[in-house]
Amino acid sequence: MNLKARIAALSFHHKQVVLVVAINALCLALASVLFFSTNIISFERNLKAELASKSALVRRSTAAALAFYDRDAARALIDAFSSDHTVRQASVFDAYHQVFAQYRRDGVQLIAWQDLSSDFYAEQDGVISSFEPIELDGQTVGYFFISADNTALDEQTRSYAQIIVGVFCLSLFLAYILSLYGQRLMSGPISKLVEVVGHVTQNQRYDRRLRVERKDEVGTLIKGFNAMLDVIQDREKQLKKNGERLETLVEVRTRQLYQRANYDALTRLPNRHLLMDRMEHGIDHAKRNPKNLGVLFLDLDRFKVINDNLGHAIGDELLKKVAARLVKAVRADDSVCRWGGDEFVIFLEHLRRPEYAGRVAEKIIDALKAPFELNGHSLHISTSIGISVYPKDGEDSTTLLKHADISMYQAKGKGAGHYCFFESHMSAMSLERLDMESKLHRALENNEFSLHYQPKVDLKTGTVSGVEALLRWEQPELGRVSPAEFIPLAEEVGLINRIGLWVLAEACQQNKTWQQQGFDPIRVAVNLCASQLADNKLADDILSLLKAYQLDPCYLEVEITENVFIDAPKSVYRTLQRLRNVGVHISLDDFGTGYSSMSYLRDLPVDSLKVDGGFVRGLGNDAASDGIVQATVTLAHSLGLSVVAECVETPAQSEYLRELNCDYVQGYLYGRPVPAQQLPLTRRADLDQPLSPAAELS
């Protein structure tokens with residue numbers, strides 16, 4: 001570790017001491033060097049000056065002795081140096097460079113003339129020397145050489161050095177003592193502050209405070225630190241309270257999240273996640289202890305009609321009551337789960353025999369037979385149940401659920417309120433249905449739908465007064481798919497509204513095209529199902545289409561069946577009434593097969609009745625059919641409604657209807673459903689013979 005790093009690692013206290021001592025040491029060193037050099041230089045100058053003075057005195061005194069060649073006088077002067085312990089030697093030379101008088105200290109080697117030079121002055125090896133001429137009246141009469149020891153300078157130097165070192169050490173010691181005192185005075189509170197900070201940091205306690213005894217910056221710092229601790233302590237208390245609240249909230253939310261993750265929010269039944277977990281545990285246990293397990297897949301019949309007509313609020317309440325009945329109908333250790341929408345799954349763990357699952361299904365069907373009373377509505381609902389059994393129908397939860405789902409659709413095929421055990425051949429049928437569903441989703445995007453139109457003839461005039469738009473699906477792989485096959489599937493998968501809107505737009509556009517081509521205006525009828533009527537935007541959508549294609553509302557007719565009005569909400573009536581008010585024709589299709597009554601029919605916002613084809617086919621051969629058709633025509637006319645008879649296939653049926661004063665007829669006798677270009681819109685209908693193949697619209 002270098003010096004800088006070591007200093008950085010020191011505490012604040014030691015850094016302050018080191019700084020003070022270092023500054024003092026630097027100042028003392030500079031002062032000592034200045035003092036030492038100044039005094040040594042001064043001493044050396046004095047020593048040289050003294051030597052020069054002695055040399056000048058001897059030269060003046062020996063000048064006469066040299067002039068008179070008085071050796072004794074010169075020698076007496078030179079011998080006087082013997083009392084000066086600093087003089088090493090002194091020599092007087094005559095003008096001829098011969099020694100005239102000489103003195104040397106014992107042990108000192110004399111300097112010969114040849115080693116000297118004029119004006120010689122030197123300092124070497126601790127000796128100071130001077131060599132100068134002796135003059136008398138401006139003439140050189142001789143020479144004088146003197147040398148002296150420089151030991152006094154060395155002694156003086158050592159003396160000064162000892163003094164300086166002593167003073168330096170004493171000063172450093174005093175500086176260290178003063179720095180300690182100053183540190184206690186200045187940084188002592190900071191050290192205490194550091195101590196408190198360490199205590200707070202290590203123990204996470206904020207109750208310690210420092211006394212404010214100073215009014216300088218350190219005192220301000222301590223006061224601010226105490227205030228900060230007050231704030232932190234308050235915050236800690238608040239955080240502790242918030243933490244306790246948060247722990248409580250987390251505990252509550254954890255329970256809520258567990259509830260949401262594992263239970264259905266509406267019915268409070270286990271959801272599919274928890275059911276799968278229970279099934280996995282049940283299957284693992286059954287593998288160790290062989291036994292049968294049962295899976296019942298339930299789908300409520302007609303729930304979509306109720307939900308669409310009465311609204312989601314009623315539908316949700318119905319699901320809650322259904323869930324409660326299901327729980328009561330099974331054992332406590334059976335798991336009743338809401339799978340999604342109107343689908344439920346029941347997992348039977350302790351199943352002695354596979355056929356016992358059928359008994360549970362019968363019990364559930366019976367439990368749902370009693371009506372559900374909701375907001376003044378008495379609702380009847382049934383369920384279709386598919387059953388799979390472990391290990392016969394599958395050895396894992398996914399397979400068992402899939403097979404139960406497949407068998408549920410088979411149960412639906414038998415009619416409402418039935419159950420069906422899974423059989424191996426059902427898988428292929430289920431795959432076909434999934435494939436059909438996938439193709440149906442792509443049909444709109446691929447323009448696979450088209451409309452065919454069947455003429456509606458006025459019996460009084462024999463003219464085509466309108467047409468019914470009938471949806472057709474030409475699938476590239478399957479060919480033409482029957483509407484009886486794909487319409488129910490579209491309703492089930494939620495595509496019927498999109499398809500229905502497309503049909504309305506296509507029919508309005510085609511009708512406007514006929515008018516622009518110069519054909520007499522006719523009314524185009526479009527069938528609407530219950531889920532379409534339950535859409536609150538239906539009236540707005542229809543009015544937007546009429547406006548977009550500039551089609552008068554009187555040339556559009558919507559056909560609805562009687563079952564639309566079973567438990568229908570008021571919004572359905574409002575939608576139909578709104579359409580009727582603007583001029584759209586409303587027709588009640590398949591009349592006589594539903595639940596209509598006199599009072600019920602009187603309040604419906606309809607303009608015409610369509611007699612079901614089953615009654616029309618029996619005309620002239622079945623007295624009951626004759627009576628029903630006659631009663632229908634009479635009833636409709638008494639209510640101010642027109643009557644349309646469909647499925648007219650023979651002239652006898654047509655004649656009989658004319659005698660009953662039926663207003664309009666429709667059927668193969670007058671034309672099959674054909675593309676728009678093949679409709680016979682330009683010729684008058686022959687009442688006795690079917691219309692000939694349609695003339696091309698060109």
Side-chain angles (χ1 to χ4, degrees), residues 255-282 293-351 356-388 397 400-401 404-405 407-409 411-412 416-420 492 494 534 567 569:
R255 290 197 298 267
Q256 291 176 346
L257 288 174
Y258 177 82
Q259 186 74 18
R260 292 179 182 177
N262 295 282
Y263 290 87
D264 177 56
L266 178 65
T267 63
R268 303 299 181 186
L269 293 177
N271 60 16
R272 63 174 63 192
H273 177 268
L274 183 55
L275 173 74
M276 296 294 287
D277 185 64
R278 290 183 179 180
M279 288 184 66
E280 294 295 338
H281 281 86
L293 305 173
V295 177
L296 277 63
F297 205 107
L298 288 72
D299 183 83
L300 301 182
D301 303 319
R302 293 185 62 254
F303 176 78
K304 183 173 179 58
V305 175
I306 296 174
N307 198 48
D308 291 342
N309 289 334
L310 298 182
H312 293 289
I314 297 294
D316 289 347
E317 289 300 318
L318 179 58
L319 288 175
K320 291 180 184 178
K321 290 187 176 292
V322 168
R325 290 194 189 182
L326 292 178
V327 171
K328 290 181 180 179
V330 299
R331 300 167 300 182
D333 54 352
D334 294 331
S335 297
V336 180
C337 155
R338 185 187 178 196
W339 190 252
D342 61 338
E343 295 178 334
F344 296 84
V345 174
I346 298 177
F347 178 51
L348 308 174
E349 285 203 57
H350 306 290
L351 198 62
Y356 284 1
R359 297 182 184 179
V360 178
E362 292 173 355
K363 189 176 179 181
I364 290 171
I365 292 172
D366 290 339
L368 298 181
K369 285 183 178 179
F372 294 86
E373 303 296 334
L374 293 172
N375 289 3
H377 299 278
S378 183
L379 304 178
H380 292 79
I381 197 165
S382 60
T383 182
S384 299
I385 304 176
I387 304 172
S388 64
S397 57
L400 289 171
L401 286 165
D405 187 23
S407 56
M408 182 270 292
Y409 281 104
K412 273 189 173 296
H418 286 81
Y419 68 90
C420 185
E492 188 176 330
D567 298 321

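Values below: every heavy atom of this structure, side chains too, minus hydrogens, waters and symmetry copies.
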Is Asn375 atom CG crowded by more than 12 heavy atoms from other residues, nucleotides or ligands, each under 6.0 Å away? no

Should we count CZ of Arg325 as having more than 12 external heavy atoms under 6.0 Å? yes

Nearest non-hydrogen partners of [X] and [Y], listed with the distance:
{"X": "Glu373", "Y": "Ser378", "answer": "OE2-OG, 3.0 Å"}
{"X": "Asp333", "Y": "Glu349", "answer": "O-OE2, 4.4 Å"}
{"X": "Trp339", "Y": "Met276", "answer": "CH2-SD, 4.4 Å"}
{"X": "Phe347", "Y": "Gly282", "answer": "CZ-CA, 4.4 Å"}
{"X": "Pro270", "Y": "Arg278", "answer": "CG-NH1, 3.7 Å"}
{"X": "His281", "Y": "Asp277", "answer": "ND1-O, 2.8 Å"}

Between [X] (side chain) and [Y] (backbone), is there a donor-acceptor pair under 3.5 Å?
{"X": "Thr383", "Y": "Asp299", "value": "yes"}
{"X": "His418", "Y": "Ala416", "value": "yes"}
{"X": "Asn271", "Y": "Leu274", "value": "yes"}

Rounded to the nearest 0.5 Å, what separates atom [atom1] in [X] from atom [atom2] in [Y]?
{"X": "Tyr419", "Y": "Ile364", "atom1": "OH", "atom2": "CD1", "value": "11.5 Å"}
{"X": "Cys337", "Y": "Asn262", "atom1": "SG", "atom2": "CG", "value": "11.0 Å"}
{"X": "Ile306", "Y": "Leu374", "atom1": "CD1", "atom2": "CG", "value": "9.0 Å"}
{"X": "Phe372", "Y": "Leu319", "atom1": "CZ", "atom2": "CG", "value": "10.0 Å"}
{"X": "Leu351", "Y": "Ile387", "atom1": "CG", "atom2": "CD1", "value": "9.5 Å"}
{"X": "His350", "Y": "Leu293", "atom1": "NE2", "atom2": "CG", "value": "9.0 Å"}

Given side chains that start at C-beta, do those of [X] and [Y] come closer than 4.5 Å, heavy atoms only?
{"X": "Glu317", "Y": "Lys320", "answer": "yes"}
{"X": "Ile385", "Y": "Val360", "answer": "no"}
{"X": "Val322", "Y": "Phe303", "answer": "no"}
{"X": "Val295", "Y": "Met279", "answer": "yes"}

Salt bridge (Lys or Arg N to Asp or Glu O under 4.0 Å) evaluation trace for Arg359 with Glu362: CA-CA 5 Å; Arg359 297 182 184 179; Glu362 292 173 355; over 6 Å; no

Can Leu348 and Tyr356 be said to form a side-chain contact (heavy atoms from CB on, under 4.5 Å), step by step? CA-CA 10 Å; Leu348 308 174; Tyr356 284 1; over 6 Å; no

Less than 4.0 Å between a side-chain N and a carboxylate O, is that true for Lys369 and Asp366? yes

Go through the side-chain N and O atoms of Asp301 and Ser384 and say whether any donor and acceptor fall under 3.5 Å apart. yes

So, Arg338 versus Thr267: side-chain donor-acceptor pair below 3.5 Å or not? no

